[in-house]
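A short write-up of the structure that comes next.
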Amino acid sequence: MRSSMGTCKTKSGSELVGGGSCKTLRCSSQFPSTGMECSVEYGGREKDFSEPGVKDGFWSHDRLAIQLDLSTRVVAWLAISAYLHFEFFHSREEKVPSFLTIWWVLFFLMSCSGLVVDFLYFKIHGILQPHLWVLDFGSLFCGLFLGCAGLVGKRTLEGSPLLQEPLLSVARINGSPNTSCTGDVSLFASAGFLSILTFSWMGPLLSVGHKKTLDLKDVPQLADTDSVIGVFPIFKSKLESYTGSGTGGAGAGAGNSSSSSGRKEGSGSGSCGVTTARLAKALVFSVWGQVLLTALYVLVYTVASYVGPYLIDFFVQYLNGSREFAHEGYLLVLAFIVAKLLECLSQRHWFFRLQQAGVRVRASLVAMIYQKGLTLSSQSRQSRTSGEIINLISVDADRVGLYSWYMHDLWMVVLQVTLALLILYSCLGLASLAALAATFVVMLGNVPLGKVQEKYQEKMMESKDIRMKATSEILRNIRILKLQGWEMKFLSKIIELRKTEANWLKKYVYAYSITTFVFWGSPTFVAVVTFGACMLMGIPLESGKILSALATFRVLQEPIYNLPDTISMTIQTKVSLDRISKFLCLEDLQPDIVQRLPRGSSEIAIEVSKGCFSWDLSSEIPTLNDLNFQVLQGMRVAVCGTVGSGKSSLLSCILGEVPKISGTVKLWGTTAYVSQSPWIQSGKIQENILFGKEMDVEKYDKVLEACSLKKDLEILPFGDQTVIGERGINLSGGQKQRVQLARALYQDADIYLLDDPFSAVDAHTGSHLFKECLLGALASKTVVYVTHQVEFLPSADLILVMKDGEVAQGGKYNDILNSGTEFMELVGAHRDALAALESMDLAGNSSSGIMEGGSCDTESSTQGAHKVEQKDAQNGKPDEVGSQKGQLVQEEEREKGRVGFWVYWRYITMAYKGTLVPLILLGQILFQILQIGSNYWMAWAAPASKDEEPHVNSAMLIYVYIALALGSAFCILIRSLFLVTAGYKTATLLFDKMHMCIFRAPMSFFDSTPSGRILNRASTDQNEVDTNIPFQTGTFAFSIIQLLGVIAVMSQVAWQVFIIFIPVIAASIWYQQYYIDAARELARLVGVCKAPIIQHFSESMSGSMTIRSFGHESRFVGTNFHLCDDYSRPKFHNAGAMEWLCFRLNMLSSLTFAFSLVFLISMPKGVIDPVTYGLNLNMLQAWVIWNLCNLENKIISVERILQYTSIPSEPPLTIEARRLHCNWPSKGEVDLHDLQVRYAPHMPFVLRGLTCTFPGGMKTGIVGRTGSGKSTLIQTLFRIIDPTVGQIFIDGIDISTIGLHDLRSRLSIIPQDPTMFEGTVRGNLDPLEEYTDEQIWEALDCCQLGEEVRKKELKLSSTVTENGENWSVGQRQLVCLGRVILKKSKVLVLDEATASVDTATDSLIQKTLRQQFSESTVITIAHRITSVLDSDFVLLLDNGVIVEHDTPTRLLENKSSLFANLVSEYTMRSSSSFDRLNNQ
C-alpha cells in the first residue's frame, strides 16, 4: 500500500494538499454548474477520473486479482442461474439440490467472515471504501436468504394442484365442482421460505382477484393448523387439562359421537371449572407458537424503530461538517436502511402472525360456544335469549380474536419508553428526566380518559345487546306486527333503545376525540417540558439534538397513545371472556336422565318408572309427577288431554329434555321426534327430509307418498330442490308439518315421538297421514303420538290421558272411556260436534266421491296443476320466483367492483349537508402548517454546534415554540370535535333511515331475506359506522395533508428526491390498484360469510331438541366448523393481502428513504431541517395508501347499509285526504269485486275473479283444500299483498285507497302461528298499553286463561320468555284470542286459530267468540269442520275460485256439493274410528 498522502483536485488544477488522506467524497452531481469532478482514493491510491485514461498501474497485481475475482463470481452465478432456469424449474423436485444448498451455506459463511475481516481492517486503518461495505452487507443478506431457502425452503410445483391433491380431499368434497385453481388448496401451507418472507404466496389469489370478481370458491383453503378442525382440539384439550374435566359440547371433535355419549360429555357440574383465567390461559397456550414468534418480531421492531431517532444527532453533526471518520455518511445511511428493512419485515410479520392467531382464537371460541349451545338444559336456555347467545359469537368471540393485536403492547410500552429515554439521555442528559415525568403525566392523564371511555363503551355494548335482542324478536314476528298494524309502535321502541345506545355512543366518541387530542398533542407537550427543562438547567440546545429529540418524541407518541387503548381493550376482552366463561359454566342437560339401551335386548321400548320431572327445579309443583308406564316394541301410544296438561312435556321427558327429580327412564333403540311447532332448516326441501342420510330413491319416494308431499313438490317451481326460507317461511303450516314427518320417517328410527302432527293439516290430509304413516309406514315401529283429534284415539294400543302433569287415565279406548271423567270430557266434546252434524241429517252419509275410490291424494282430482304457487296461496307469502334464478332465498347480494364515489360522497355530505367537512380539513391544514413552522423554528433558531452563536436567546426559542404548539393543539381539538360530531350525526341518520326502510318494507322482502343479513347490518356494519369509519375517513384525509406538507418542505430544499419519489409513488399506486380489486371483494366476503354462521347457530339453538333426538349433534358441529372456516378464509387472506401490499410499499418507501439520505449527505453543509421530514416521507406515502385501502374495506359497511335504505316501500300508512271516521267500520260488511291476486307479474293468479259479500255482523267460514287460496284471501284483506285486478270494499270504502295503518288497526286477526313476545303477560295482551288491568283480566277469563295466570305469583306481570317458550302452543293461541277480545274489532279473522287446542277447549272458544263478537263480521279458516258448521255462511274455495257460497244448511242439503263431501269425509273419518272400535 502506498502512503495515504493524497491530493484532492479541482478542474482548474488547483491542489488542496493535506497531510492525511482525502477522506471525504465530494460529488459534482449535486451542483453540475460548478464543473467540479470527483477525485477518490481507491484502495489507498488516489486516482483522478477526470483524466482521459488511468494508465498508471491499471494491470497491477491488485487490480488483476480484483478483476479475476469479479469475473469468476459472474460466471459462477450465471451458471447457477442457467441451471435453475433450464433444468431445475422443469423438474418435479420439491427441494433444492444438495450441492447448491452446501454452496449457498458456504457463501453465507464466507460473507460473514468477509464482513468481520473488513470490519477489523476498518478498526485498524479507519478507512474502507463504501462499495466494500455494500458488497459485504449485500452478500451477507443474500447468503442468509439463499441458505435458508436451501435448508428449509420447499418448492411449490407449477401446474394444476389438483394432480397432487388426494382424490377425496376435504376441500374437494366441501367445495364446488367449479372451484378455481386458488380455491382448493392452501397457498400459505405450500409456500416456501422466501414466499412467506415476502408474502408472495398471496400472488395467485391477487392475480385472480385482479382479473375477475372473487367468489368464496376462489378463496384458498386454510392450512390445517389454521382450520377449526386443527385448532379446536388443541384448545379443547388445553381447557380440559386446566379445568380438570370436559367443558360441555356434544360431538366436540366434529367426530362421530352419538347423542347419548355426546350428552354425557358435557354435564353441568363438569363445566363449572371454566373461569376467565383458565379460558384465557387455554387460548394463549393453544397459539403459543404464534405468541413467541410475534414477541420476537416485536422486540426486533421496537429496537429497529429507535435506530433512526438515535442516529439523527450523528447525522445532523455529519451534515454540519463534523466528520469522525472516512465515509461516516455512507455508514450512517447503511445503518438507517438496514434498520428500516428490519423494522419493515418484523412489523409486517408481527401484524400478520397476530391476525393469524386471532383467526384461530375466534374459530376455537365459536366452535366451543356452538357445542355448548347444543347441550344446554332447558333452564339454561331460558336464562339466555338466543340474541344474547348470538352476541357471544358475533361480538365477544370477535373481540377476543381482535385482542391478538394488543397482546404484546403492555410490555412493549415499557421497552419503548425505556429506549426513548435512553436516546433522550444521550442527547439531553438530565433533561430526559423531565421528558420521563412529562410522559408519565400524559400516560396518567390517559388513564382516567381510558376508564371513562371503557365505561361508556360497556354501557354502549349493553344497550346494543338490548337493542339487538329486540330487533331479532321483531324480525322473527314481523308478519304479525304488520297484520296488527303494530310495526311503527315497535319501530319507535327500537328508536328509543337506539337513543339510549346513541347517548352512550355520543359520550364515547367525544371522549375519544379528547384522547385523539392528547395523542396528537402529547409529543408537543413532552417537547415543551423537555426543552424548558434544558433551558432551566442550562443544557445547550443544538439543532442535531433538537431534531433527534423531536423524532424520539414522535416515536414515543405511539406508546403514549396505545397504552390507554391497550388497557381499554384488555378490559373489554376480559368482559367478553367473562361472558363466554359464564356461558360455558351454564348447566347442561343431565346425562343420566335417560338410559339408552340397544334395540332387541328387551321386548320393552320405553319404560318410565316413578318419574317426577320439572322444567323449573326451584318450583314446588313439578311439571310431571308420578309417571309409571311401559311401552312394548311396536305399540302405538296416544297421549291426549286439555291445553297445558303436560302432553308435550311427557314426550320431552322421554327424550331426556326435562330435568329429572326422581325415577328412571329407559329407551331401547334409536329415536325420532316431530315437534308441535315445526322446526325446518333453511335449505332445500330434499336436504330437510334426508337430514344427513344418503339418498335412497325408492325409500325417499315411499316417504313422500306417505306424507302426502308428492303433489306439493310437483307444484313447487323446483320440486324438492326448492330452497326453503328461514323457519320454513315459504311453506304453509301443513307443509312444514309434513316435511318434519317425512324427515322422521326417512331416518328409520326404532321409536317415534310425534307431537300433535295432525293439527296443522286439513281433515282429509290428516286421515291420509294417519293411515299411511302411523298405520302403514310405522306399523312395526313404536309410536307415541300426542293428538287433539279424538277420532285418532281408537287405533291406539294404549291411551294416556294427561291432567295437571299426571297420567290421569291409561289403557285402551273402551277400557278408559267409562272409568273417569277426564277422557269422557274430551270424547264428549267430540261427540257433541258429531251430533251437530247428525242433527243436519248427514250422519252416515257416505256419498262423497272423494273417498269412494280409496284415493288418499291430498287434493281432489279437479285441482291438478292449478296451484302453480301453492305455498303462496296457502300463506300469502310472495316467492320471487324467476326474479333471481327463481329461488325465494338467494345468495346475499353484494356490490361488485370498486366502491362507488357516490358512497363516499353520501357519507361525508349526510351530516349537516357536509358543512363540517371543510372546517375539519382546515383544522388539519392549519395544524400541519404550525407543526412545520415549529420544527423550522427549532432547527433555524438553535445553533448547529456549541461554537456557533444562537440566532435568538433561549427564552424566545421556547416561547415561540410554545405559542406554535398551543396553536397546533387548538387546531387538533377543533378538528377532533368537528370530526366526531359529523361522524355521530351520520351514524344516527344512517341508522334511522335504514330501520325506517326495513320496517316499511313489504313482506316479500322479509320472506326472501334471512334475518341474519338484516341483523348483520344492524349490528356489525352499524358498529363500524358508529365507531370506526369516521376516524378512518379522517385519518385518510389527514395523512394526505401530512404527505402534501412534507412534499412541500422537501421540494424547497431537496427537490432531487422527487426523481425517485415520483416513480415510487406511481409504483405504489399501481400496487394499490392491483391489490384493492381482490381485497375489496375479500372484505365483502367477510361480511357475507358471517350471516350464515349466525343463522345456522340460531337455527340449531331453536331446533336443539330435534337435533339431539335424532343424535345428529356431530353432523351439526361439522357444519358449524365448515361455516367458521368459510368465514376465516377471506378474513385470513384479507390479512395476508394487506401485508402483501404493506411489505411492497415499505420496500418502495425504503428505496425513497435511501435516495433521500444519499441526497442529504451529498448536500452542502447546513441544510438540516428536512432530515426529519425526509425520514417521515418514506412512511407517509405508504401510510396514505394503506389508509386508502383500509378505508375502502371499511366503507363497504356504509355501502351495505345504503343498500337497505333503498328497499321498495309498502303503500303509505296513512293518507291525510282519506282519514277515516273513528267508528269505521261500523257494520263490517266486506265486498269482493272481481278479485284477482298474484304475487309477482311473472307468476300466475292465485285468486281468480272472486266476487262475493261477507254480510256485516255475520260469521263466514272459509274452507277448501290446502292451497286453494284461503290464506291468500286473508293476506289480501289486510293488504299484505295488493290485488292485481278488482277491489275489496269494507263498509263501502275501497281499502286500496286508505292508509295501511288505518286499515290494519281496525281489523283483528288470530294467526295460524301463535306469537308471544318476551316480556310480561300484560305486555303480550296489550303491547300498545291501551287497556286497564280489569279489561285484561276480563279478556283472560273469556279466553280460558284467567285461572292459569292467577296461579302464577306475579299474575299479569308473570314472565314470558323468548318466543313464549314457557307457555304451551295451545296457551299461546289463547293469548292471541285474548288480544282480539280486548280490541273488539268489527271485522275478525281466525286463521286456524284453534288448531293446537283440544276439542273441548275449541268448543269453549267458539262459544266465547259467539258471545264477544255477536255483532262483528267473523271470517274463519279452519281444518276442523265443526269450527265452521255454526257459521252463517260458508265460502268454499277451489283453485282460487269460489265454488260454493251459501249457508251451511243449504250446502249440506245438496248432497253433491263439495262442502257436503268435506263434511261427509270428516264424519266418516270420525265414525270409522268408532265403528272399528265397536267391531273389535
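Since the model is a prediction, treat every value here as computed from it, not as a measurement. In what follows, residues are counted from 1 in the order of the sequence shown.
Here CG of D1333 is found 12.5 Å from NZ of K1355. Values are rounded to the nearest 0.5 Å. Note: T471 OG1 to L475 CG = 6.5 Å, rounded to the nearest 0.5 Å.
For the residue pair Q740 / Q737, a side-chain donor-acceptor distance below 3.5 Å is found, with atom types taken as modelled.
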May I have the step-by-step check of salt bridge (Lys or Arg N to Asp or Glu O under 4.0 Å) for K493 and E496, ending in yes or no?
CA-CA 5 Å; K493 284 186 177 179; E496 282 302 311; over 6 Å; no
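S1308 contributes no side-chain N or O that, together with a main-chain N or O of L1388, makes up a donor-acceptor pair within less than 3.5 Å. Side-chain N or O atoms of R1304 include one that pairs as donor or acceptor with a backbone N or O of R1279 at under 3.5 Å. With hydrogens and angles disregarded, a donor-acceptor distance shorter than 3.5 Å links the side chain of R1017 to the backbone of R1200. In this structure a side-chain-to-backbone donor-acceptor pair under 3.5 Å is missing from D1391 to I1421. Counting only distance, with no hydrogens or angles, the side chain of R1372 and the backbone of W1367 share a donor-acceptor pair below 3.5 Å.
Pairing each heavy atom of S394 with each of I1094, the nearest pair is CB-CD1, 3.9 Å. Between M460 and E501 the shortest heavy-atom distance is O-CG, 3.9 Å. Across T1320 and S1357, no two heavy atoms sit closer than the pair CG2-O, 3.8 Å. Shown here for M994 and I1201, the closest heavy-atom pair between the two residues is SD-CG2, 3.8 Å. Here the shortest heavy-atom pairing between L1277 and I1295 reads O-CD1, 3.5 Å.
Side chains of R479 and Q1275 form a contact here, defined as non-hydrogen atoms less than 4.5 Å apart.
In this structure, F490 and F1317 have tilted ring planes: the angle between them lies in the 30° to 60° band.
Crowding of E1415 atom CD: a count of heavy atoms from other residues, nucleotides or ligands under 6.0 Å not exceeding 12. Within 6.0 Å of the CD atom in E1338, the count of heavy atoms belonging to other residues, nucleotides or ligands does not exceed 12. Counting non-hydrogen atoms of other residues, nucleotides and ligands closer than 6.0 Å to CE of M996 gives a total of 12 or fewer.
Looking at R498 and D1026, a side-chain N of the basic residue comes within less than 4.0 Å of a carboxylate O on the acidic one, giving a salt bridge.
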